[in-house]
2 protein chains.
Amino acid sequence: MKRRTTSSTTEILDLLKASGNAMSHDMIQSSLDSKVDRATIYRVLNRFCEDGKVHRVVGDDGKQYFAICSNCGAKKQVHSHNHIHFRCLQCGTVECLDRELSIPLPEGYVAKVHNLVISGFCNECS
Amino acid sequence: MKRRTTSSTTEILDLLKASGNAMSHDMIQSSLDSKVDRATIYRVLNRFCEDGKVHRVVGDDGKQYFAICSNCGAKKQVHSHNHIHFRCLQCGTVECLDRELSIPLPEGYVAKVHNLVISGFCNECS
DNA sequence: AATTTTACTGCGACACAGTTGCAATATTAC
DNA sequence: GTAATATTGCAACTGTGTCGCAGTAAAATT
Ligand SMILES: [Mn+2]
Ligand SMILES: [Mn+2]
Ligand SMILES: [Zn+2]
Ligand SMILES: [Zn+2]
């Protein structure tokens, strides 16, 4: 199933690149120039995740945030997202803190997905 | 507003103590002996969180998990939950890994809530 | 022990995030 | 240009969590 390039996919990907931060569905929808259906945005984002263009974080608000894969080793074989995210409770920004983190797990445990979010106040809002 | 002890509150608290793990609403509901209303369970859990008896983690599945505060310094003045949680993708168990974690944030950032979850396979399921 | 106070419960309705089925549309291959 | 099919829009749906309100029951007061 080969992927196709559409105005929606390019717009959303460009938006995420330009933002640099992790964006939720509603942030994306309201930032888009053209009207794109809710379901389409979700489907596009899920495809980007499958393709390793974008990674997903779930915040402590229960919402999904999507960010471009830049320092995640998207180019390398190992594509891991063991980095912390910071969500500002004031301005709502969600940033990828590209600080390497290796968390040792107990014997026999295998890590598949890292979902690391710290919420608080960013330097703009503190 | 003083709290009252009811069969629901004692049952839910005992269940969480006995389990030792973090439990989601539906895990709790299905483990309870007596039938307790959905909304009541949520309200009891939220009260426990307010009172510092229990802490909440949001998984990468977007669901809330609740665990007894034991090694969180519930007794001390500083009651922080900067510890990692592990969610097994196979058996669904969510554990508090009581490994101390101090994550240095960039200058000017203030942490309020830590929501750290690693998903994968536990020692039973790997 | 009876009465009062009010915290808690159950029920229903609701809000919200995300998913899915299906017909219509648009991209890519030929 | 035509055919094949990936993508879209729309509507309906699911699941998690919240809220208002009337009824119930815990605890304080008498
Ligand atoms: Mn990230
Ligand atoms: Mn915990
Ligand atoms: Zn901020
Ligand atoms: Zn397991």
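In the text below, chain A, chain B and the rest are named by the order of the sequence lines, each starting its count at 1.
I68(B) and V44(B) fall within the same hydrophobic cluster, where Ile, Leu, Val, Met, Phe, Trp and Tyr residues are linked whenever their side-chain heavy atoms come under 4.5 Å apart, directly or through other members. Put simply, M23(B) and V94(B) are part of the same group of oily side chains (I, L, V, M, F, W, Y) that touch within less than 4.5 Å, one to the next.
Annotation for Y109(A): hydrophobic cluster partners, listed by chain and number, are I84(A), F86(A), L97(A), L101(A), I103(A), L105(A), L116(A), I118(A), I84(B), F86(B), L97(B), L101(B), I103(B), L105(B), Y109(B), L116(B), I118(B) (ILVMFWY side-chain heavy atoms under 4.5 Å, direct or chained).
We find the CG-CD distance between L15(B) and Q29(B) to be 11.5 Å, quoted to the nearest 0.5 Å.
For the segment residues 21-36 of chain B, the set of residues with a heavy atom within less than 4.0 Å of an atom of DNA chain C comprises K35(B), V36(B), in numerical order.
Across the interface with DNA chain D, nearest-nucleotide mapping of T5(B) and G62(B) shows G62(B) to be the residue nearer the 5′ end.
Atom CZ in R47(A) sits about 13 Å away from atom C1' in dT5(D), given to the nearest Å. Put simply, NZ on K2(A) is 15 Å from C1' on dC30(C), counting in whole angstrom units. Atom CZ of R3(B) is separated from atom C1' of dT9(C) by 14 Å (rounded to the nearest Å). When the C1' atom of dA6(D) is taken as reference, atom CG of D51(A) falls 13 Å away, rounded to whole Å. Put simply, CE on M1(A) is 14 Å from C1' on dT27(C), counting in whole angstrom units. Rounded to whole Å, atom P of dC19(D) lies 17 Å from atom CD1 of I41(B). Remark: P of dG18(C) and CG of D61(B) are 12 Å apart, rounded to the nearest angstrom. The separation between I12(B) atom CD1 and dC8(C) atom C1' is 12 Å, rounded to whole Å.
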Atom pairs and distances, side-chain donor-acceptor, residues 119-126 of chain B, under 3.5 Å, sequence neighbours left out:
from    : atom 1 : to      : atom 2 : distance (Å)
S119(B) : OG     : D60(B)  : OD1    : 2.7
S119(B) : OG     : D60(B)  : OD2    : 3.2
S126(B) : OG     : G108(A) : O      : 2.6
S126(B) : OG     : C122(B) : O      : 3.3

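When atom types are taken as modelled, the side chain of S30(A) and the backbone of D26(A) share a donor-acceptor pair closer than 3.5 angstrom. Checked by atom type and distance alone, the side chain of N115(B) pairs as donor or acceptor with a backbone atom of V58(B) at under 3.5 Å.
Not a single ring pair (Phe, Tyr, Trp, His ring centres under 6.0 Å) links F48(B) to another residue, sequence neighbours left out.
At the phosphate of dG9(D), OP1 or OP2 sits under 4.0 Å from a side-chain N or O atom of T40(A).
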Counting primed atoms, P, OP1 and OP2 as sugar-phosphate and everything else as base, the B/S/- map of nucleotides 19-26 of chain C against protein heavy atoms under 4.0 Å is BBB----B
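Counting only residues at least two apart or on different chains, the ring-ring contact (aromatic ring centres under 6.0 Å, His included) pairs with a member in residues 14-44 of chain B are H25(B)-Y42(B).
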